Amino acid sequence: MRHGKKNNHLSRQKGHRTAMLSNMACSLIEHKRINTTVAKAKALKQFVEPLITKSKEDTTHNRRIVFAYLKNKYAVTDLFRDVAAKVGDRPGGYTRIIKVGNRLGDNADMAMIELVDFNELYNGGKKEVKKTKSRRGGSGKGKAEAKVEETKVEAPKAEEPQAEAPEAPAADTDETKAAE
């Protein structure tokens, strides 16, 4: 019986599995996203997220613990300098797994695993704002706020052309005075 044995062996012996996960973690930290199979991505997520949590507190002890797992000093430096700075306020969930289809040769399920804070497409370069959704159709309060925001955005645009228009005739009058 295999009660309580939750790690995926990935059809590899222990030495090969730990070396593979270490190399994949170094590649993920260096490139911020990698393509792999879904099973390896899930195993990598369990492997790398505790290391990213350790990197939030930059101590010699934590660096040595992470180096024992990664065995690459450049990846450790990058993890503690760049990655830890971006994920400092996030309480976990540092990676995202996106399924990308099947591999051509053997039809294996493929996935892209990436560090969440390094993807500008999803974040838009800014922090996400939570929107409350209601299943009731009643008040329409959100619609009214959206209309107010739209009018605020449109109002400055309308003022800019008016501000430019008076400047142009004033310049014309100065030119006419200089010509006289």
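If you read the sequence from its start, that first residue is 1, and numbering goes on from there. This is a predicted model, so every value here is computed, not measured.
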Q.
Minimum heavy-atom separation for Ala111 and Ile97, please, with both atom names.
A. CB-CG2, 3.8 Å
(Q) I'd like to know if the side chain of Glu49 reaches the main chain of Thr95, judged simply by a donor and an acceptor atom lying under 3.5 Å from each other, with no hydrogens or angles considered. (A) yes
**Q.** Euclidean distance, Ile113 CD1 relative to Arg33 CZ, rounded to 0.5 Å
**A.** 12.0 Å
(Q) Keeping Asn62 on the side-chain end and Glu57 on the backbone end, is there a donor-acceptor pair under 3.5 Å? (A) yes
Q: Following the transitive rule for hydrophobic clusters with a side-chain heavy-atom cut-off under 4.5 Å over Ile, Leu, Val, Met, Phe, Trp and Tyr, establish whether Leu44 and Met110 coincide in one cluster.
A: no
Q: State, yes or no, whether a side-chain contact exists between Leu70 and Ile29 at a heavy-atom distance under 4.5 Å.
A: yes
(Q) If you apply the rule side chain to side chain contact (heavy atoms under 4.5 Å, CB included), what do you find for Val66 with Leu79, and how did you get there? (A) CA-CA 9 Å; Val66 170; Leu79 176 66; 3.7 Å; yes
Q) In terms of hydrophobic clusters joined by side-chain contacts under 4.5 Å, are Phe47 and Val38 together? A) no
Q: Could you tell me which non-hydrogen atom of Lys71 sits nearest to which non-hydrogen atom of Ser22, and how far apart they are?
A: N-OG, 4.4 Å
Q | Residues forming a salt bridge (Lys or Arg N to Asp or Glu O under 4.0 Å) with Arg63, sequence neighbours excluded | A | Asp58
Q.
For the CG atom of Asp109 and the NZ atom of Lys40, what is their distance to the nearest 0.5 Å?
A. 13.0 Å
**Q.** N/O donor-acceptor pair under 3.5 Å between Asn23 side chain and Ala19 backbone
**A.** yes
Q: Apply side chain to side chain contact (heavy atoms under 4.5 Å, CB included) to Ala84 and list each qualifying residue two or more places apart in sequence or on a separate chain.
A: Ser55
Q | Cluster link Ile65 to Phe67, ILVMFWY, side chain under 4.5 Å | A | yes
(Q) What's the separation between atom NZ in Lys45 and atom CZ in Arg96, rounded to the nearest 0.5 Å? (A) 9.5 Å
Q. How close do Gly93 and Val116 get, heavy atom to heavy atom, and via which atoms?
A. O-CG2, 3.7 Å
(Q) With side-chain contact (heavy atoms from CB on, under 4.5 Å) as the test, pick out the partner of Tyr94 among Val87, Val83, Asp117. (A) Val87
Q | Euclidean distance, Lys32 NZ relative to Ser27 OG, rounded to 0.5 Å | A | 11.5 Å
Q | NZ/Lys99: more than 12 non-hydrogen atoms of other groups inside 6.0 Å | A | no
Q) When rounded to the nearest 0.5 angstrom, what is the spacing between NE2 in His61 and NZ in Lys54? A) 6.0 Å
Q.
Looking at every non-hydrogen atom in both residues, tell me the closest pair between Glu114 and Asn119 and how far apart they are.
A. OE2-ND2, 2.9 Å
Q: Could you pull out the closest heavy-atom pair between Leu10 and Arg12, with the gap in Å?
A: O-NH1, 2.6 Å
Q | Any Thr37 side-chain heavy atom under 4.5 Å of Arg103 side chain | A | yes
Q | Pairwise distance CZ(Arg17) to CG(Asn7) - rounded to 0.5 angstrom | A | 5.5 Å
Q | Heavy-atom closest pair, residues Met24 and Ile34 | A | O-CD1, 3.8 Å
